[in-house]
Amino acid sequence: MPPVKYQRGDMVMGRWPGSSLYYEVKVLHFEANSQLYTVIYKDGTELELKEQDIKSAAGFQARPRSRSRSRSPGRRRSRSRSPARTTRPSCTAAAAVAAAAITESAPPSRRDAKLKDSSEVRLIPPVSATYSFSTTGGRAGEQEEICRAADVTSISKCSTPHSDAVLLGCRQDLVEQTKASENNGSTKHGKQEDNEPANKVNEKSEPEKNQSRLQSAAQEKDDGDGKAEAKAERLEEQEAKPGFSSWYSKSTRKTLASPTSPPPWPPLESFWDAQALGFVVLWILFQVLLYMLPSESVSNCVSVRFFAMVVSGVAVAAAVQQGADLTYIHSHFLQLAVSSFLVSVLLSSFLYVRSGRAAAEQLAGRAALDMWLMTFSKDMRPGLIGWCLINFALALAEMKRQGLEAPSHAMILVNLFQLLYVADGLWNEEAILTTMDLMHDGFGFMLAFGDLVWVPFTYTLQAYYLVSRPTPLSPPALAAIVTLKLVGFYIFRKSNSEKNAFRRNPSDPQLSHLKTIPTATGRSLLVSGWWGVVRHPNYLGDLLMALAWSLPCGFSHLLPWYYMIYFLILLVHRDSRDMSECRRKYGSAWDEYCRTVRYRIIPRVY
Ligand SMILES: NC(=O)C1=CN([C@@H]2O[C@H](COP(=O)(O)OP(=O)(O)OC[C@H]3O[C@@H](n4cnc5c(N)ncnc54)[C@H](OP(=O)(O)O)[C@@H]3O)[C@@H](O)[C@H]2O)C=CC1
Ligand SMILES: CC(C)=CCC[C@@H](C)[C@H]1CC=C2C3=C(CC[C@@]21C)[C@@]1(C)CC[C@H](O)C(C)(C)[C@@H]1CC3
């Protein structure tokens with residue numbers, strides 16, 4: 001029996017069925033009976049290839065570089081990845097590799113024979129769905145998808161204006177490949193004659209003009225200053241990393257390409273990282289430290305929570321200045337979320353167990369620690385400030401990943417909008433202290449989970465999305481979004497302040513113009529001003545702001561719209577909870593209020 005040439009796990013170049021194009025694949029398995037290698041392409045497609053359809057990765061390295069790459073050795077970065085990785089083709093390189101492969105593949109007669117061979121290559125899953133040219137992502141998404149399908153991961157290259165030639169090449173090759181592979185698929189079902197047209201397509205589509213087109217495109221790209229290439233390499237490196245981050249970027253692209261096929265679940269081992277847990281614990285301890293600092297000196301002029309936010313910001317800026325790489329937060333997003341989840345479970349369990357004994361121990365004054373922990377946990381600082389920290393880290397990750405000198409406009413908007421929201425919440429002490437969750441629900445798992453996991457790791461998803469999906473904004477769109485945010489914020493702040501001021505001092509002369517309804521409890525209800533427009537003007541403002549957070553991300557994906565949808569459900573649910581609570585509290589006075597102010601959140605609509 002001849003020795004097996006390629007071993008399991010080897011990174012090699014595999015010929016794409018029906019074409020002369022080679023892409024980097026990983027050997028999964030060799031079946032001695034059929035003499036076929038099962039290989040996996042970068043996009044997850046598994047195929048069985050014959051030995052002659054596989055080449056060692058090293059053979060592809062020299063030719064395309066010397067032929068079309070003008071990058072100086074000084075600019076070439078050494079990488080610590082496996083040797084096969086260093087040969088991974090970028091958009092340009094893939095084109096050049098493909099071109100080289102075509103040239104290499106000798107005279108047409110031999111190529112024909114090869115193409116005929118390809119009909120014997122067996123496709124395991126039907127791949128045509130993966131290669132549907134999605135228009136959902138708009139032009140950028142489309143380009144990216146085409147490049148992905150061709151295993152050309154340098155999105156940034158493909159989306160630069162100069163890359164149209166490459167794009168065209170990729171697109172045409174893919175159309176041809178798709179046709180060819182579909183035909184191969186039917187071959188599997190015994191329709192050998194159906195393969196004829198496919199071979200004809202390939203005969204026509206792979207002549208030298210294809211080669212020169214790809215080569216000139218490659219040349220054109222390499223005449224650049226090498227920045228795009230550096231970008232592509234960075235992207236490749238990111239994608240090469242195992243874990244959630246690379247899984248997410250691949251899966252969002254998959255979703256765009258074929259919305260019907262769910263993205264694969266990230267590998268289990270990528271959920272846990274001890275170092276990530278260490279960072280989460282450190283962050284919470286840092287917030288505990290700030291919480292323990294004597295607050296008298298600042299509390300007269302500035303909210304202590306807001307002060308904690310400023311100090312945290314300064315500390316983070318100093319850490320970045322000292323070389324701390326905050327993009328770790330992006331590449332370990334899932335691990336950090338899992339660690340925070342563990343801490344929230346531990347903290348709420350601890351407090352739950354302790355609360356059972358508290359009554360007895362209170363006499364002995366031993367509940368002090370529990371009380372302290374409880375008030376600290378209700379404070380929401382770690383989560384709210386953590387939200388801003390993560391957003392900032394994601395802006396840095398976007399710059400790194402996209403090779404930008406500053407974050408994109410969309411990223412800046414998302415960061416500033418949410419920073420304003422958090423700063424407002426921390427500045428206005430009542431905002432947190434009077435919220436119904438903290439007033440009525442006590443401290444439980446939901447609050448710990450909300451503070452440590454839900455808020456920092458799901459409210460940041462717009463920024464997370466933008467890291468790998470830059471969304472350009474036209475100046476009018478930018479202006480419209482900023483206006484929407486400001487209008488939303490104005491309604492949110494004014495209405496909350498009006499109610500809080502009224503609750504603090506109902507006879508405040510500044511509020512004397514407002515109409516009220518007395519209730520049996522001795523407290524009154526506002527029926528004019530903001531609270532006379534709808535029953536929850538603050539929710540309306542909050543929803544407009546939520547809209548302004550999602551709009552910068554465009555409409556290509558559901559992920560950045562998650563918050564808007566979740567929040568709509570949350571607020572509608574809160575409104576009905578609050579309605580029952582107020583009816584119980586205020587009885588007929590509440591019914592009268594509801595008759596006077598008919599709409600709940602949106603005037604004349606809901
Ligand atoms: N981003 C997020 O994840 C979240 C944000 N929020 C925001 O937090 C803020 C607080 O929301 P929430 O805690 O739900 O509650 P609200 O601030 O809406 O407060 C509701 C309470 O206000 C009082 N009230 C209602 N109507 C009147 C009236 N006409 N006159 C005087 N008092 C009235 C009642 O309490 P009483 O009479 O006892 O004073 C009622 O229980 C909102 O802006 C909300 O959008 C909330 C949850 C999550
Ligand atoms: C589905 C699920 C896990 C729900 C958890 C709900 C919590 C995340 C929210 C309940 C009330 C919240 C508030 C804020 C954040 C989310 C939670 C904890 C809040 C601190 C956000 C900032 C605002 O300015 C606010 C201070 C008004 C607000 C208060 C309520």
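Just follow the structure's listing: the first ligand is 1, and inside any ligand the first atom is 1.
Close contacts of ligand 1 with R523, meaning ligand atoms under 4.0 Å from a residue heavy atom, involve 36 (P), 38 (O), 39 (O). Per-residue contacts place D542 under 4.0 angstrom from the following atoms of ligand 1 (heavy atoms of the residue considered): 5 (C), 6 (N), 7 (C), 43 (O), 44 (C), 45 (O). Set against the non-hydrogen atoms of L525, the atoms of ligand 1 under 4.0 Å away are 27 (C), 28 (C), 30 (N). Of all atoms in ligand 1, listed by their number and element, those nearer than 4.0 Å to a heavy atom of Y593 are 29 (N). For ligand 1, the atoms closer than 4.0 angstrom to any heavy atom of K499 are 16 (P), 17 (O), 19 (O), 20 (C), 21 (C), 22 (O), 23 (C), 24 (N), 32 (N), 33 (C). Distances below 4.0 Å separate heavy atoms of F492 from the following atoms of ligand 1: 43 (O). If you number the atoms of ligand 1 from 1 as listed, the ones under 4.0 Å from a heavy atom of N496 come out as 17 (O), 43 (O).
Y421 and F492 have tilted rings, their planes meeting at an angle from 30° to 60° on a 0 to 90° scale.
Here atom 9 (C) of ligand 1 lies nearest to N538 when heavy atoms of N538, T516, I517 are compared. Remark: among candidates R493, R503, E498, the nearest residue to atom 31 (C) of ligand 1 is R503, based on non-hydrogen atoms. Considering only non-hydrogen atoms, atom 18 (O) of ligand 1 lies nearest to H536 out of K585, Q418, M579, H536. Nearest residue to atom 5 (C) of ligand 1 from Y421, Y539, W454 is Y421 (criterion: closest heavy atom).
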